[in-house]
*Asks:* 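Handing you a structure now.
Remember, it's a predicted structure, so these values are computed and weren't measured experimentally. FYI, side chains are in, hydrogens and waters are out, and symmetry mates aren't considered; it's all heavy atoms of this structure. Just so you know, residue 1 is the first one in the sequence shown, and it goes up from there.
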Amino acid sequence: MESRAVSLAIRVGTGLVLACLYVPLLIVVIYSFNNSVSQTWPITSFTTRYYFFAWHDPDVRTALATSLTVALIATLLAFFLGSLAAFAVHRFRFFGRNTVSFVLVLPIALPGILTGIALNTAFNNYAIPFGVLTIILGHTTFCIVVVYNNVLARLRRTGGSQVEASMDLGADGWQTFRYITWPVIRTAVIAGMLLAFALSFDEIVVTNFTSGTELTIPKFIYNNLRQPRNRPVVNVVAVVVLLVMFIPVYIAQRLAGAEAGTAAGRRATLRSETEPGL
């Protein structure tokens with residue numbers, strides 16, 4: 001049993017870590033309502049006019065449309081390629097299987113600047129014009145990892161007996177996938193896609209090397225943060241990014257929690273059926 005002092009120290013440490021993470025975000029939200037251009041504290045008057053200015057700023061609207069387009073397409077590509085790769089690695093035994101798995105995971109482990117430089121060099125070598133397409137290709141490289149890891153982890157926790165039983169009963173491949181495999185991996189796929197969308201929407205390092213003149217929301221924030229008169233609008237855009245990021249991450253976390261609860265319920269039901277004394 002841990003002592004009361006250790007328990008208190010853990011709680012205090014946890015509180016300090018959470019404060020370091022979330023207090024600056026709270027300050028950004030408060031500053032988005034600051035009536036003054038200067039970032040002074042305490043704030044003397046509040047306004048919502050900068051939300052109006054941000055919404056009607058053509059650069060903000062263009063950047064938002066680009067970020068959403070890139071994130072959606074990169075997420076769909078990651079879903080398709082990451083899921084196929086996870087099934088291939090899980091179901092088949094072939095030469096270089098571990099190497100393929102390592103190569104798929106590597107982009108998210110490497111520093112973003114290295115990935116950005118490598119992609120920039122490749123696009124220049126093959127004379128691919130920089131724009132939305134190159135941003136999508138760059139984002140897909142690390143979005144695939146999220147979907148791949150989620151789907152592969154779920155497949156490894158799922159036994160193959162159900163699939164074999166379905167095939168023995170005469171179901172074809174599509175029927176087996178639709179009624180057996182998809183219900184099992186559905187939440188993992190959706191959670192992976194939501195996390196991939198969140199990662200793509202706020203990516204700045206790889207985007208800087210692959211975007212050319214295209215403007216995304218992170219690039220808009222980076223370009224205008226150094227201009228004092230634009231900071232109120234930057235604060236508003238940062239709040240929008242927080243909201244866009246919060247929604248998919250929260251849903252993904254809820255899906256993971258619901259799946260864990262369902263799995264625990266199934267185990268409890270199985271135990272009660274196999275151990276009548278419980």
*Asks:* Would a 4.5 Å heavy-atom cut-off, applied to side chains only, mark L64 and F201 as touching?
*Replies:*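 L64 vs F201: side chains touch.
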
*Asks:* Distance from L21 atom CG to L26 atom CG, nearest 0.5 Å?
*Replies:*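 One gets 13.0 Å once the value is rounded to the nearest 0.5 Å.
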
*Asks:* With rounding to the nearest 0.5 angstrom, report the CG to CG distance, N124 to L119.
*Replies:*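 N124 atom CG to L119 atom CG measures 11.0 Å (nearest 0.5 Å).
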
*Asks:* To the closest 0.5 Å, what do you measure between CG (L194) and OG1 (T187)?
*Replies:*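 Answer rounded to 0.5 Å: 11.0 Å.
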
*Asks:* Over all heavy atoms of both residues, which pair between K219 and S211 is shortest? Give the atoms and the distance, please.
*Replies:*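 Scanning both residues, the minimum pair turns out to be NZ-OG, 3.0 Å.
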
*Asks:* Would a single hydrophobic cluster contain both V100 and L81, if residues Ile, Leu, Val, Met, Phe, Trp and Tyr are joined by side-chain heavy-atom contacts under 4.5 Å?
*Replies:*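 Same cluster.
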
*Asks:* Considering only residues two or more places apart or on different chains, which pairs with a residue in residues 195-207 satisfy side chain to side chain donor-acceptor pair (under 3.5 Å)?
*Replies:*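 Found H139-S200, H139-T207.
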
*Asks:* Does the gap between the ring centers of F209 and F123 come in under 6.0 Å?
*Replies:*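 Ring-ring flag for F209/F123: false, centres at least 6.0 Å apart.
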
*Asks:* Would you say L137 and V146 are hydrophobically clustered, going by side-chain heavy atoms of ILVMFWY under 4.5 Å?
*Replies:*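 Shared cluster, yes.
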
*Asks:* Enumerate the side chain to side chain donor-acceptor pair (under 3.5 Å) contacts for residues 60-86, please, sequence neighbours excluded, ordered by first and then second residue.
*Replies:*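 Listed by first then second residue: nothing to list.
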
*Asks:* Using a 4.5 Å cut-off on heavy atoms from C-beta on, say whether the side chain of I136 contacts that of L77.
*Replies:*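 Yes, their side chains come closer than 4.5 Å.
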
*Asks:* Count the heavy atoms of every other residue, nucleotide or ligand shown that sit under 6.0 Å from CG of L84, and state whether that count exceeds 12.
*Replies:*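 Yes.
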
*Asks:* Indicate, with yes or no, if V23 and V12 share a hydrophobic cluster defined by side-chain heavy-atom contacts under 4.5 Å among Ile, Leu, Val, Met, Phe, Trp and Tyr.
*Replies:*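 Cluster IDs for V12 and V23 differ.
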
*Asks:* Do V189 and F79 come close enough that some side-chain heavy atom pair is under 4.5 Å?
*Replies:*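 In contact.
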
*Asks:* Hey, does L242 have a side-chain heavy atom less than 4.5 Å from the side chain of L25?
*Replies:*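 Yes, at least one pair of side-chain atoms sits under 4.5 Å.
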
*Asks:* Quick check: do F53 and V236 have side-chain heavy atoms less than 4.5 Å from each other?
*Replies:*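 Of all side-chain heavy-atom pairs linking V236 with F53, none is under 4.5 Å.
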
*Asks:* Any chance you could lay out the side-chain contact (heavy atoms from CB on, under 4.5 Å) test for V239 and Y31, step after step, and finish with the verdict?
*Replies:* CA-CA 10 Å; V239 172; Y31 268 131; over 6 Å; no

*Asks:* Decide side-chain contact (heavy atoms from CB on, under 4.5 Å) for W55 and V60; before the verdict, give the C-alpha distance in whole Å, the side-chain angles of both, and the deciding distance to 0.1 Å.
*Replies:* CA-CA 7 Å; W55 176 248; V60 174; over 6 Å; no

*Asks:* Examine I204 and V233 and state if one hydrophobic cluster contains both, with Ile, Leu, Val, Met, Phe, Trp and Tyr joined whenever side-chain heavy atoms are less than 4.5 Å apart.
*Replies:*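 No, no single cluster joins them.
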
*Asks:* Can you find a heavy atom in the side chain of L195 that is under 4.5 Å from one in the side chain of L199?
*Replies:*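 Not in contact.
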
*Asks:* Using a distance-only test with no angle check, is there a side-chain donor-acceptor pair under 3.5 angstrom linking Y50 and S32?
*Replies:*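 Short answer, no.
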
*Asks:* Might you point out which heavy atoms bring N224 and V234 nearest each other, and give the distance in Å?
*Replies:*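 The answer is CB-CG2, 3.6 Å.
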
*Asks:* Closer than 3.5 angstrom, by distance alone: can the side chain of N120 be matched with the main-chain N or O of G116 as a donor-acceptor pair?
*Replies:*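 No, because the side chain of N120 does not come within donor-acceptor range (under 3.5 Å) of the backbone of G116.
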
*Asks:* Any side-chain heavy-atom pair from F46 and I30 closer than 4.5 angstrom?
*Replies:*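 Heavy-atom side-chain distance check passes, below 4.5 Å.
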
*Asks:* If I take atom CG from residue L114 and atom CG from residue L106, how far apart are they, to the nearest 0.5 angstrom?
*Replies:*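 Rounded to the nearest 0.5 Å, the CG-CG separation comes out at 10.0 Å.
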
*Asks:* Taking all heavy atoms of F220 and all of L215, pick out the closest pair and write down the distance.
*Replies:*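 So the two residues come closest at N-CD1, 3.8 Å.
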
*Asks:* What about F142 and Y148, same hydrophobic cluster or not, with Ile/Leu/Val/Met/Phe/Trp/Tyr joined at side-chain heavy-atom distances under 4.5 Å?
*Replies:*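 The answer is yes; both residues are in one hydrophobic cluster.
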
*Asks:* Measure across M193 and V147 and return the closest heavy-atom pair with its distance rounded to 0.1 Å.
*Replies:*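 In terms of heavy atoms, the two residues are closest at N-CG2, 4.1 Å.
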
*Asks:* Write down the atom of D59, the atom of D57, and the distance for their closest heavy-atom approach.
*Replies:*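 Looking at all heavy atoms of both residues, the closest pair is N-OD1, 2.9 Å.
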
*Asks:* Below 4.5 Å, heavy atoms only, C-beta onward: do T48 and F52 meet side chain to side chain?
*Replies:*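 No, side chains not in contact.
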
*Asks:* Take T47 and F33 through the side-chain contact (heavy atoms from CB on, under 4.5 Å) test and state the conclusion after the steps.
*Replies:* CA-CA 5 Å; T47 183; F33 296 98; over 6 Å; no

*Asks:* Just by modelled atom types, is the T210 backbone N or O under 3.5 Å from a matching donor or acceptor in the T134 side chain?
*Replies:*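 Yes: the side chain of T134 pairs with the backbone of T210.
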
*Asks:* Once rounded to the nearest 0.5 Å, what's the spacing between atom CG of N150 and atom CD1 of I190?
*Replies:*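 Answer for the CG-CD1 pair, N150 versus I190, is 11.5 Å.
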
*Asks:* If you measure from CG on L110 to CD1 on I113, what distance do you get to the nearest 0.5 Å?
*Replies:*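 Between atom CG of L110 and atom CD1 of I113 there are 12.5 Å.
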
*Asks:* Write down the atom of V28, the atom of A238, and the distance for their closest heavy-atom approach.
*Replies:*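 Of all heavy-atom pairs spanning V28 and A238, the closest is CG1-CB, 3.9 Å.
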
*Asks:* Does Y222 OH have over 12 foreign heavy atoms under 6.0 Å away?
*Replies:*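 Incorrect, the count does not exceed 12.
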
*Asks:* Would you check if the side chain of R154 reaches a backbone N or O of V184 as a donor-acceptor pair within less than 3.5 Å?
*Replies:*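 Answer holds: yes.
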
